[in-house]
Protein chains: 2
Amino acid sequence: MPEEAPSGLRERKKLDTRKALSDAALELMFERGLDNFVREDVAARAGVSLRTFSNYFASKYDALAYRVNHRIRRSAALLRTRPADEPMWTAIAEALIEPLREDGVPFGRPTDEQIHEIRKLNATPEMQVALARNTVDDLVEAIAERTGTDPEADLYPRLVANVTIGALNAVLNRYVRTDPALAMSRVLREVFDDLSKGLPPPRA
Amino acid sequence: MPEEAPSGLRERKKLDTRKALSDAALELMFERGLDNFVREDVAARAGVSLRTFSNYFASKYDALAYRVNHRIRRSAALLRTRPADEPMWTAIAEALIEPLREDGVPFGRPTDEQIHEIRKLNATPEMQVALARNTVDDLVEAIAERTGTDPEADLYPRLVANVTIGALNAVLNRYVRTDPALAMSRVLREVFDDLSKGLPPPRA
DNA sequence: CCGCTAGATTGCCTTGAAGGCAACTTTGCC
DNA sequence: GGCAAAGTTGCCTTCAAGGCAATCTAGCGG
């Protein structure tokens with residue numbers, strides 16, 4: 001995790017390149033559509049070679065997922081700082097919300113075309129995997145620490161982490177499927193509150 | 001979904017071919033290891049051309065995931081047949097367990113080499129893509145039907161489906177990480193029972 | 001029973017992804 | 001200023017994805 005605390009110029013430049021590649025990928029997606037650009041285009045826009053793109057990201061989808069994944073990693077870190085007496089699901093919800101707020105999500109109102117591309121993106125299995133990669137394990141660690149369980153031996157922390165990611169995906173999915181009118185933080189708080197109650201079926 | 005009810009000989013042959021390809025892929029994985037065979041090998045073993053393999057599966061991992069995905073589809077169908085007064089999480093747990101039982105999972109005790117290959121398989125992003133494909137939506141539909149919610153407008157069914165898949169993944173993950181001594185059905189019942197209680201942290 | 005046609009299989013081909021290797025360049029430190 | 005380590009790049013091979021057109025076959029109507 002040399003991700004945080006960029007010590008020297010070397011580290012900072014790597015971070016810059018990674019971010020530039022990720023941003024370039026996002027831009028290209030909105031400009032041309034998800035299927036109308038290749039990794040080489042992304043590399044060109046970020047001013048590096050295709051081979052260097054490969055050194056940073058395993059796929060186009062990894063580049064597109066970078067921001068979201070980075071937020072989840074920060075959420076895992078934040079989870080460790082939540083008060084110990086706070087209910088677990090509340091702590092998780094707040095830890096997920098804070099990085100969204102920091103990044104200013106949602107960035108104003110996206111255009112219809114942007115929403116359309118985001119939907120397409122979220123619908124691809126490749127993206128869903130890219131979103132889970134390298135993030136679940138961080139969450140597992142943080143949850144294990146908080147709950148005093150063993151991430152290797154116990155099922156519990158991995159279960160909670162997977163459920164958390166599943167819930168987050170559902171919320172993000174809904175955000176792009178329906179009109180993103182509701183504040184995401186509010187929806188997240190409701191969802192994790194329901195989760196703590198066992199997700200009872202509505203009315204019934 | 002012409003998957004079920006193979007009417008004519010044509011349909012049945014398609015099903016047979018699909019299953020033969022999937023079985024061939026599994027065999028080759030255990031014989032040679034995940035990285036030591038290509039789609040052409042699978043096609044050859046199943047007695048069809050590579051191009052035909054592509055007509056059935058988008059990737060090697062799709063072929064490997066076929067059985068698991070098929071079970072989840074059957075679980076979605078079973079969920080619709082569970083008694084309406086059964087608690088939702090119980091219904092979901094039982095709907096997940098039944099296809100496992102039908103398929104005789106676990107198939108006796110896997111060898112250490114087999115466990116090793118399964119772990120490698122489950123760790124690959126490509127496999128996770130294949131597992132995510134075409135399964136969540138079936139569950140969303142079934143859950144929406146059962147709970148009287150709208151899969152498009154309501155967050156609820158997608159949330160429950162994603163949480164369900166997350167929990168299932170955690171259990172499968174644990175199954176291959178630790179010694180698969182515990183009966184999976186029992187673990188699943190416990191997990192979904194805990195889920196109905198909001199997954200309280202242990203002791204604490 | 002026979003031929004007809006939709007659907008299945010196949011080969012060929014183009015594009016793109018993944019990643020090993022070695023040459024070259026830059027950073028950070030002595 | 002120079003040196004070692006790390007980053008960047010080009011080149012290459014292998015594999016995946018899937019369009020297209022030719023061929024074959026199951027299952028139907030005559």
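Residue numbers begin at 1 in each chain, while the letters A, B, ... track the order of the sequences. Just so we're clear, the structure is a prediction, and the values are computed from it rather than from any experiment.
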- Which residue lies toward the 5' end of DNA chain C, B/Glu126 or B/Thr17, if each is placed at its nearest nucleotide?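 That would be B/Thr17.
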- Query: Of the residues in residues 24-35 of chain B, which ones touch DNA chain C at a heavy-atom distance under 4.0 Å?
  - Reply: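 None - not one residue of the stretch has a heavy atom sitting under 4.0 Å from the strand.
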Euclidean distance, atom [atom1] of residue [X] to atom [atom2] of [N] [Å, nearest integer]:
{"X": "B/Leu50", "N": "D/dA16", "atom1": "CG", "atom2": "P", "value": "8 Å"}
{"X": "B/Glu40", "N": "C/dT10", "atom1": "CD", "atom2": "C1'", "value": "13 Å"}
{"X": "A/Arg12", "N": "D/dA6", "atom1": "CZ", "atom2": "P", "value": "19 Å"}
{"X": "A/Phe37", "N": "C/dG16", "atom1": "CZ", "atom2": "C1'", "value": "13 Å"}
{"X": "A/Glu11", "N": "D/dA5", "atom1": "CD", "atom2": "P", "value": "16 Å"}
{"X": "A/Lys14", "N": "D/dT8", "atom1": "NZ", "atom2": "P", "value": "7 Å"}
{"X": "B/Asn36", "N": "D/dT14", "atom1": "CG", "atom2": "C1'", "value": "14 Å"}
{"X": "B/Asp16", "N": "C/dA8", "atom1": "CG", "atom2": "P", "value": "14 Å"}

Hey, is [X] close enough to [Y] for a salt bridge, meaning N to O under 4.0 Å?
{"X": "B/Glu27", "Y": "B/Arg32", "value": "no"}
{"X": "A/Arg45", "Y": "A/Asp23", "value": "no"}
{"X": "B/Arg74", "Y": "B/Glu98", "value": "no"}

- Query: Touch check for A/Lys60, heavy atoms < 4.0 angstrom, all strands: base, sugar-phosphate only, or nothing?
  - Reply: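 Contact class for A/Lys60: none.
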- Message: At 4.0 Å (heavy atoms only), tell me whether B/Tyr56 reaches a base, stays on the sugar-phosphate, or touches nothing.
- Response: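 Sugar-phosphate: the residue B/Tyr56, judged by heavy atoms under 4.0 Å, touches backbone atoms but no base.
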- Task: Answer yes or no for B/Lys19 and B/Tyr66: cation-pi contact, defined as NZ/CZ to six-membered ring centre under 6.0 Å and angle to ring axis within 45°.
- Result: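 Because its charged atom misses either the 6.0 Å distance or the 45° angle limit, B/Lys19 does not stack over B/Tyr66.
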- Which word best sums up how the rings of B/Phe57 and B/Phe53 line up, parallel for under 30°, tilted for 30 to 60°, or perpendicular for over 60°?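 Tilted.
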- Nearest of C/dT10, D/dG7, D/dC15 to any side-chain atom of B/Val38?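 Nearest nucleotide to the side chain: D/dC15.
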- Query: For A/Leu155 and A/Thr149, what are the C-alpha separation, side-chain angles and deciding distance, and is it a side-chain contact (heavy atoms from CB on, under 4.5 Å)?
  - Reply: CA-CA 9 Å; A/Leu155 175 60; A/Thr149 50; over 6 Å; no
- Item | Chi angles and distances behind the side-chain hydrogen bond (donor to acceptor under 3.5 Å, both in side chains) call for A/Asn55, A/Arg51 | CA-CA 6 Å; A/Asn55 291 339; A/Arg51 195 63 188 76; 3.0 Å; yes
- Using only side-chain N and O atoms of B/Lys13, determine if any of them is under 4.0 Å from OP1 or OP2 of C/dA8.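 No, because none of the side-chain N or O atoms of B/Lys13 sits under 4.0 Å from OP1 or OP2 of C/dA8.
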- Query: Any side-chain N or O of B/Thr52 under 4.0 Å from OP1/OP2 of C/dT10?
  - Reply: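 For C/dT10, OP1/OP2 do have a side-chain N/O of B/Thr52 under 4.0 Å.
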Where do N or O atoms of nucleotides 19-25 of chain C meet protein N or O atoms at under 3.5 Å, pair by pair?
unit_1 : atom_1 : unit_2  : atom_2 : d
C/dG20 : N7     : A/Arg51 : NH2    : 3.0
C/dG20 : O6     : A/Arg51 : NE     : 2.5

- For the residue pair A/Leu195 and A/Ala167, what are the closest heavy atoms and their distance?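 Heavy atoms only, the tightest pair is CD2-CB, 4.1 Å.
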- Message: I'd like to know whether A/Arg189 forms a side-chain contact (heavy atoms from CB on, under 4.5 Å) with A/Met184, so could you lay out the CA-CA distance, the side-chain angles of the two residues, the decisive distance to 0.1 Å, and finally the verdict.
- Response: CA-CA 9 Å; A/Arg189 283 198 187 93; A/Met184 209 181 299; over 6 Å; no
